[in-house]
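Written out below as structure tokens is the structure these notes cover.
Residue indices begin at 1 and follow the sequence shown. Quick caveat: nothing in here was measured; it's all calculated off a predicted structure. Computation of the quantities below employed the complete heavy-atom set of this structure, encompassing side-chain atoms and omitting hydrogens, waters and symmetry-equivalent molecules.
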Amino acid sequence: MNTIEKDQLYLAGTYGRFPLEIVNGKGSVAIGADGKSYIDMGAGIAVNTFGYADGVFTDAVTKQLNAVQHTSNLYYTAPAADLAEALVKKSGMKKVFFGNSGAEANECAIKTARKWGVENKGAGAYNIVTLKNSFHGRTITTLSATGQDVFHKNFDPFTEGFVYCPMGDEQALESLVDDKTCAVMVEFVQGEGGVNVLPDAFVKKLFELKEKRNFLVIADEVQTGNGRTGKYFAYQLYGVTPDIVTTAKGLGGGLPIGACLFGERTQNVLGKGDHGSTFGGNPVVAAGALSVVKRIDDALLKEVTEKGEYIKNKLIGKPGIESVSGIGLMLGVKLACDAKKVVSSCLEKGVLFLTAKDKVRMLPALNVPYESIDKALDVLLEAVKEEL
Ligand code: PLP
């Protein structure tokens, strides 16, 4: 049996995979078991921040692996403390809790918001407003938080206490927040929902209401964080400061990590015994993540912004391209033809893209070379032309 046959026989059928086995890689190029090279414009869904087999990342991870690979959270380790310090400095938040995924980071945020609600607004103040088309994870509670009916089939009963607001609808938001609201949770750029950027006016209204109605704002930066949008965190594009920030994906550079960051008002909500994770803050993962965070400096962020603009300019107005949404290296391309078919055809031509709803989605490594971008976009435009 080859890998694909074995996978299909032994792995639970939860994923619709592309017909490609990746066996190696360097930078933004993946090597398939078929011996072919593929330009990777998805980076493991915004995870491989510096691409495959990046020397700085692998050195940081290997060095720690040869010292302490794990200890329980009953002891101190330097990589987790250093990483927390680095994240606090990048974000303006005050404290950090480490888990292992985006969903776990969001679970931590939801628990914190509920406890804050009880302590600050009274019993029953546990409602969290999230947005329609959002995506917050696959656990029962983060699925509840996810404002998409398609994910709510067959898994009842869900965690109660979530209310959904149409994305960008200021009036609806105002009518949904009340004495029972402990938080509003948003992605500043919705990823899985189709690469939708939150309108400025909606964000302004959200922060006005937060003052008036006394609730927390949770920024889900699982996908948008760690330089993806040209700022360290996407909320920094809006000049606002949330009370809780969650992040994962690109933070680990390819290893599993989730982080929940607490601001001024939330830094002391969770106390001893309130939350925990066996692997959270694992020293090997934290050492790799620290090397990633350190390299996301102003020069790289500027590059991310410029590359995003470059991609938009190359695509807008071309045959079959209806629009390009998103910011930095988080982009969604609406086509005049079927995005899934185009992505499959690009794979055959040696380029890996993703989809989000009806769009072709790009989330390449932040250091993707211009040469790779050019080749990938040529292939995309050719595939679109053939499909039209
Ligand atoms: N939040 C957002 C915005 C995401 O994009 C995702 C994953 O795509 C998640 C949460 C869940 O993250 P994970 O798959 O690491 O649990």
Could you tell me how the ring of Tyr235 sits relative to the ring of Phe233: parallel (under 30°), tilted (30 to 60°) or perpendicular (over 60°)? parallel
Test of understanding: with side-chain contact (heavy atoms from CB on, under 4.5 Å), list the residues that count as partners of Tyr52, not counting sequence neighbours. Ile22, Ala30, Asp40, Asn48
Is it true that Lys349 and Glu386 have a side-chain N and a carboxylate O under 4.0 angstrom from each other? yes
Validation row: Tyr238, Leu206 side chains within 4.5 angstrom (heavy atoms): no
Check this for me, if you would: do Asp243 and Lys210 make a salt bridge, where the nitrogen-to-carboxylate-oxygen distance has to be below 4.0 angstrom? yes
Considering only heavy atoms from C-beta outward, does the side chain of Arg138 approach that of Phe151 to under 4.5 Å? yes
Enumerate donor-acceptor pairs with a distance under 3.5 Å from any side-chain N or O in residues 332-341 to protein atoms, sequence neighbours excluded.
| unit_1 | atom_1 | unit_2 | atom_2 | d |
| --- | --- | --- | --- | --- |
| Lys334 | NZ | Asp358 | OD2 | 3.0 |
| Asp338 | OD1 | Lys340 | N | 3.0 |
| Asp338 | OD1 | Lys341 | N | 2.9 |

According to side-chain contact (heavy atoms from CB on, under 4.5 Å), who are the partners of Asp59, at least two apart in sequence or on a separate chain? none
Under the side-chain contact (heavy atoms from CB on, under 4.5 Å) test, residues paired with Leu237 that sit two or more places apart: Thr229, Lys231, Ala234, Ile327
Please report the closest heavy-atom contact between Asn367 and Lys307, naming both atoms and the distance. C-NZ, 3.5 Å
With heavy-atom distances below 4.5 Å as the criterion, would you say the side chains of Arg295 and Asp54 are in contact? yes
Do Leu354 and Val343 come close enough that some side-chain heavy atom pair is under 4.5 Å? no
Grab the two heavy atoms, one from Thr247 and one from Glu221, that are nearest each other, plus how far apart they are. OG1-O, 2.9 Å
Are the side chain of Lys111 and the backbone of Asp274 linked by a donor-acceptor contact shorter than 3.5 Å? yes
Test: Glu192 and Arg361 ion pair at under 4.0 Å: yes
Step through the shown structure and confirm whether more than 12 heavy atoms of other residues, nucleotides or ligands are within 6.0 Å of CG on Asn313. yes
Contacts under 3.5 angstrom, residues 65-75 side chains, donor-acceptor by atom type, not counting sequence neighbours:
| unit_1 | atom_1 | unit_2 | atom_2 | d |
| --- | --- | --- | --- | --- |
| Asn66 | ND2 | Thr62 | O | 3.1 |
| Ser72 | OG | Leu74 | N | 3.1 |
| Asn73 | ND2 | Ser277 | O | 2.8 |
| Asn73 | ND2 | Gly280 | O | 3.1 |

So, for Ile140 and Phe155, which heavy atoms are closest and what is the spacing to 0.1 Å? CD1-O, 3.8 Å
Between Arg228 and Val222 (side chain of the first, backbone of the second, donor and acceptor by atom type, cut-off under 3.5 Å), is there such a pair? no
Can you list everything that forms a side chain to side chain donor-acceptor pair (under 3.5 Å) with Lys302? Sequence neighbours excluded, please. Glu306
Atom CD of Gln223 and atom CD of Glu187: how far apart are they, to the nearest 0.5 Å? 7.5 Å
Closest non-hydrogen atom pair, Lys26 against Ala53: NZ-O, 2.7 Å
